[in-house]
Amino acid sequence: MARQARAEITRDSVLAGAADVFLRLGYANASLSEIIAQSNVTKGALYFHFGSKEELARAVVDQGNERLIASCKGFFDSRVPALEAAIGITYVVADLSMNDPMVGAMLKLTHQIGDYRGANGDNIAKTWGETYRLLAERAITQGDLLPDLDPETVGLLLYGLTTGIHIVAVGTESVDQMASRMERAWYFLLPSIVPDDKVSYFREFATRRLRRYVP
């Protein structure tokens, strides 16, 4: 096997092991020795790729965010109604929080590191906040949100809804309930932001999305 290929495999093993440890113990309590043991690599191999725990954590943030973006790719298609996309993304976050350790660790680490940045320096919170803002802007244009709403305010509200539900679920050790809580949040939020004649449709849409994740 070529040296570069071996190095990539080792790096991926370290990232996977680190994600598991960060998700289980949190950033403050995770140790490099624990990550080395979980990754089944040597200390030298870990330090060859990552100079510190912080550098490793930020790399996990980047990889987790890449996975989340890839999983939401279909919702970025302009042919998908923007409000349906916004609703769909929140359920992807809930699903991956429970079923993808890399994404779950990324979401946890962005809060625990404190500045919401990965190794690339991008502010994850601002990026997703802007994503929700753009979706809100499109949804207003499409007539699925009330016309007098401010896209930036709605975007922050939707991002805050997703983030808040995740933080509470992690803090109460109930990540498995995130999708159900997301559906309840949409149920009560939608009448405040959607025209009256569309509330029933989007409530039903949110319920149908829930059934994909909770039988």
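Residue numbers run from 1 in the order of the sequence given.
Side chain of Lys43 to backbone of Ile36: no donor-acceptor contact under 3.5 angstrom is found. Side-chain atoms of Lys198 never come within 3.5 Å of backbone atoms of Leu145 as a donor-acceptor pair (strictly under, hydrogens ignored).
Met106 is connected to Ile69 through a chain of hydrophobic side-chain contacts under 4.5 Å among Ile, Leu, Val, Met, Phe, Trp and Tyr, so both are in one cluster. Leu158 and Leu156 fall into different hydrophobic clusters, where Ile, Leu, Val, Met, Phe, Trp and Tyr side chains are chained together by heavy-atom contacts under 4.5 Å. Val170 and Leu25 fall within the same hydrophobic cluster, where Ile, Leu, Val, Met, Phe, Trp and Tyr residues are linked whenever their side-chain heavy atoms come under 4.5 Å apart, directly or through other members.
Between Tyr116 and His111, the ring planes lie perpendicular to each other; the angle is over 60°, past the 30° to 60° tilted range. Aromatic ring orientation, Phe202 versus Phe205: perpendicular (interplanar angle above 60°, classes split at 30° and 60°).
Glu173 CD: 12 or fewer foreign heavy atoms inside a 6.0 Å radius. Within 6.0 Å of the CZ atom in Phe48, the count of heavy atoms belonging to other residues, nucleotides or ligands does not exceed 12. Residue-environment remark: CG (Asn40) stays at or below the threshold of 12 foreign heavy atoms within 6.0 Å. Atom CD of Glu152 has 12 or fewer neighbouring heavy atoms from other residues, nucleotides or ligands inside a 6.0 Å radius. Dense packing is recorded around OH of Tyr201, with more than 12 heavy atoms of other residues, nucleotides or ligands lying under 6.0 Å away. In this structure, Asp77 places its CG atom where more than 12 heavy-atom neighbours from other residues, nucleotides or ligands lie under 6.0 Å away.
Counted by atom type alone, Thr90 and Trp186 present one or more donor-acceptor pairs between their side chains at under 3.5 Å.
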Practice task
In sequence, state the C-alpha distance, the side-chain angles, and the governing distance for Tyr159 and Glu130, and then conclude on side-chain hydrogen bond (donor to acceptor under 3.5 Å, both in side chains).
Solution key: CA-CA 9 Å; Tyr159 180 60; Glu130 177 64 8; over 6 Å; no
Practice task
List the steps, then state whether side-chain contact (heavy atoms from CB on, under 4.5 Å) holds for Thr172 with Gln177.
Solution key: CA-CA 10 Å; Thr172 57; Gln177 297 179 37; over 6 Å; no
Handout entry: Trace of the side-chain contact (heavy atoms from CB on, under 4.5 Å) decision for Glu183 with Tyr91
Key = CA-CA 9 Å; Glu183 187 275 334; Tyr91 283 108; 3.1 Å; yes
Practice task
Starting from the C-alpha separation in whole Å, work towards a yes-or-no answer on side-chain contact (heavy atoms from CB on, under 4.5 Å) for Leu107 and Ile167.
Solution key: CA-CA 9 Å; Leu107 293 169; Ile167 291 174; over 6 Å; no
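With rounding to the nearest 0.5 angstrom, the OH atom of Tyr132 is 7.0 Å from the OG1 atom of Thr163. Interatomic distance, Ser52 OG to Leu32 CG, rounded to the nearest 0.5 Å: 8.0 Å. To the nearest 0.5 Å, atom CD1 of residue Ile140 and atom CG of residue Leu149 are 5.5 Å apart. Rounding to the nearest 0.5 Å gives a distance of 9.5 Å between CG of Leu157 and OG1 of Thr162. Of the inter-residue distances, the one linking Asp122 atom CG with Asp62 atom CG reads 7.0 Å to the nearest 0.5 angstrom. The OG1 atom of Thr110 lies 12.0 Å from the CH2 atom of Trp128; values are rounded to the nearest 0.5 Å.
Side-chain contact between Glu84 and Gln142 is absent, with no heavy atoms from C-beta onward closer than 4.5 Å. Residues Ile89 and Phe76 form a side-chain contact, since some pair of their non-hydrogen atoms from C-beta on lies under 4.5 Å apart. Taking the side chain as every heavy atom from C-beta outward, Met182 and Arg209 never approach each other to under 4.5 Å. At least one side-chain heavy atom of Ser71 sits less than 4.5 Å from a side-chain heavy atom of Leu96.
Ion pairing of Glu54 with Arg117 is absent here, as no side-chain N (NZ or NE/NH1/NH2) approaches a carboxylate O to less than 4.0 Å. Contact check on Asp115 versus Arg58 returns a salt bridge, with a Lys/Arg side-chain nitrogen under 4.0 Å from an Asp/Glu carboxylate oxygen.
Within the cation-pi definition used here (under 6.0 Å to the ring centroid, within 45° of the axis), Lys108 does not qualify as a partner of Tyr27.
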